[in-house]
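As the structure lists them, so they are numbered: ligands from 1, and atoms in each ligand from 1.
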Amino acid sequence: MSPRRSEKGKPLLPLKVTGTGSFLPEKRLTNDELAQFLDTSDEWIRTRTGIRTRHILSPEEIPATMGIRAAQRALTRAKRSPEDLDLLLVATNVPEEPIPGTAPHIALGLGMGKGAFADVSAGCAGFLYALAMAGAMLHAGMAETALVLGTEALSRFVNWQDRATCVLFGDGAGAVVLEKGQGASGILGVALRGDATKLGLLRIEAGGVRLPASSETVRAGKHFLQMEGKGLFRAAVGMMAEATRAALNQASLSLAEVDWLIPHQANLRIIEALVKRLRIPEGKVVVNIDRVANTSTASIPIALDELVQGGKVESGQILALTAFGAGACYGTVILRW
Ligand code: UT7
């Protein structure tokens with residue numbers, strides 16, 4: 001399918017981002033602390049990934065509590081109340097519980113009225129999938145005020161004895177309030193993609209219908225996140241570069257017109273390789289992986305919120321948000337602020 005192109009100056013999906021918010025758990029875990037119980041080092045983690053520290057949720061916290069805090073901050077900045085929301089989409093990989101998902105817990109905790117709510121699962125690209133879906137629903141008149149959220153607690157699913165995975169992830173949540181718009185701001189281009197032949201690169205095998213939980217699955221460690229890091233690394237740069245070019249093409253924009261690139265924060269070396277391939281100046285690239293590590297679906301909305309709260313985003317600027325992850329789902333959304 002060849003996508004409809006944005007006419008220059010006219011958004012494909014008009015909307016306004018009226019508020020952003022994020023939440024990171026209080027507890028921090030440094031590389032040196034990891035090295036106290038794992039055969040690893042600050043040097044290895046820093047040079048191979050760019051990560052120095054990550055936030056880990058406390059036993060009392062769950063993805064919903066993080067999501068609610070991020071959502072409340074975004075709503076306050078948007079000067080909106082939860083009752084104003086007629087759509088809540090929650091991007092997350094591991095739901096609060098198998099039934100129901102995370103969205104109902106967040107809707108309840110927020111005090112949302114009668115609006116629609118649902119989880120979106122598309123690996124670390126989930127936030128971008130949810131953003132595009134919400135944008136399309138606003139445009140189609142199915143909602144007027146939406147909250148799109150990424151919340152993730154992979155610290156509960158990594159094997160803390162597996163140095164190849166547990167050092168990479170952190171917990172957190174990020175949210176945006178979207179409102180129907182008529183002006184020049186909104187989504188200018190969307191390229192959502194997937195390569196299902198790569199679905200084996202990142203998975204939690206057990207605990208679902210295919211391999212229900214049993215004492216054997218627990219003994220075999222099949223409830224932990226398993227990852228082929230090298231395979232993902234190799235695929236990531238090409239996927240994000242291709243999706244970014246396609247989304248910009250749909251937006252009738254060039255790479256030089258991008259003001260901010262917000263890539264999924266999985267590995268600093270992946271971000272650097274992407275930036276080199278796209279020839280985007282480093283000063284336009286948002287990086288916070290050193291402080292937050294890979295927060296999966298929350299990584300883009302957290303980075304976006306930090307950028308916005310830092311007063312760096314100006315009206316009319318072009319933002320390119322790009323991600324890849326389990327599935328292998330990937331994609332890019334181009335926004336005009
Ligand atoms: O959100 C998307 C999900 N994930 C990703 O995108 C991850 C993408 N992949 C990556 O970021 C990288 O592949 C990793 C950071 C996971 C690994 O980096 P790498 O440069 O690909 O290292 P490697 O897997 O080739 O491992 C090199 C060595 C191995 O030892 P040997 O076999 O050379 O002796 C590993 O056992 O480093 C070892 N190693 C470690 N050493 C110290 C692996 N993890 C660690 C560790 N500390 N934490």
Side-chain angles (χ1 to χ4, degrees), residues 29-54 91-94 120-129 150-174 193-196 198-205 224-241 243 262-275 277 286-290 292-303 321-332:
L29 183 64
T30 65
N31 293 345
D32 284 333
E33 285 171 303
L34 282 168
Q36 286 168 20
F37 62 90
L38 271 179
D39 181 14
T40 190
S41 65
D42 174 55
E43 212 260 329
W44 192 96
I45 302 171
R46 248 187 318 102
T47 53
R48 297 283 179 131
T49 71
I51 300 165
R52 290 171 186 273
T53 184
R54 72 282 293 137
T92 194
N93 284 297
V94 206
V120 174
S121 170
C124 298
F127 179 78
L128 297 185
Y129 272 67
T151 184
E152 210 75 76
L154 287 176
S155 68
R156 295 269 168 88
F157 287 87
V158 292
N159 178 353
W160 285 100
Q161 284 160 3
D162 175 13
R163 66 180 186 175
T165 53
C166 74
V167 305
L168 304 174
F169 297 95
D171 301 329
R193 304 273 202 264
D195 179 356
K198 295 189 169 60
L199 69 78
L201 291 177
L202 186 62
R203 70 197 309 183
I204 297 174
E205 264 189 284
F224 291 132
L225 186 87
Q226 293 153 35
M227 186 179 79
E228 278 183 42
K230 269 217 178 317
L232 266 176
F233 194 119
R234 268 197 294 268
V237 179
M239 293 194 295
M240 289 192 290
I262 307 185
H264 172 45
Q265 311 282 311
N267 186 320
L268 184 60
R269 289 188 293 143
I270 293 176
I271 296 173
E272 286 169 350
L274 175 70
V275 167
R277 191 169 302 186
V286 183
V287 176
N288 65 2
I289 189 171
D290 52 322
V292 302
N294 181 348
T295 56
S296 186
T297 54
S299 104
I300 288 180
I302 291 172
L321 320 179
T322 186
F324 73 99
C329 299
Y330 63 101
T332 299

Checklist outcome for this item: Sorted by chain and residue number, the residues having a heavy atom closer than 4.0 Å to an atom of ligand 1 are Asp39, Thr40, Trp44, Arg48, Thr49, Cys124, Arg163, Ala164, Val167, Leu168, Leu202, Met227, Gly229, Lys230, Leu232, Phe233, His264, Ala266, Asn267, Arg269, Ile270, Asn294, Phe324
Next on the checklist: Consider side chain to side chain contact (heavy atoms under 4.5 Å, CB included). Of Leu268, Leu168, Asp290, which one does Thr49 pass it with?
Outcome noted: Leu168
Is [X] reaching over with its side chain to a backbone N or O of [Y], donor-acceptor style, under 3.5 angstrom?
X      : Y      : value
Gln226 : Glu205 : no
Thr165 : Val158 : no
Arg54  : Val167 : yes
Thr53  : Leu29  : yes

Next on the checklist: Is there a side-chain contact between Val120 and Phe127 in this structure, where contact means two heavy atoms from C-beta onward sitting under 4.5 Å apart?
Outcome noted: no
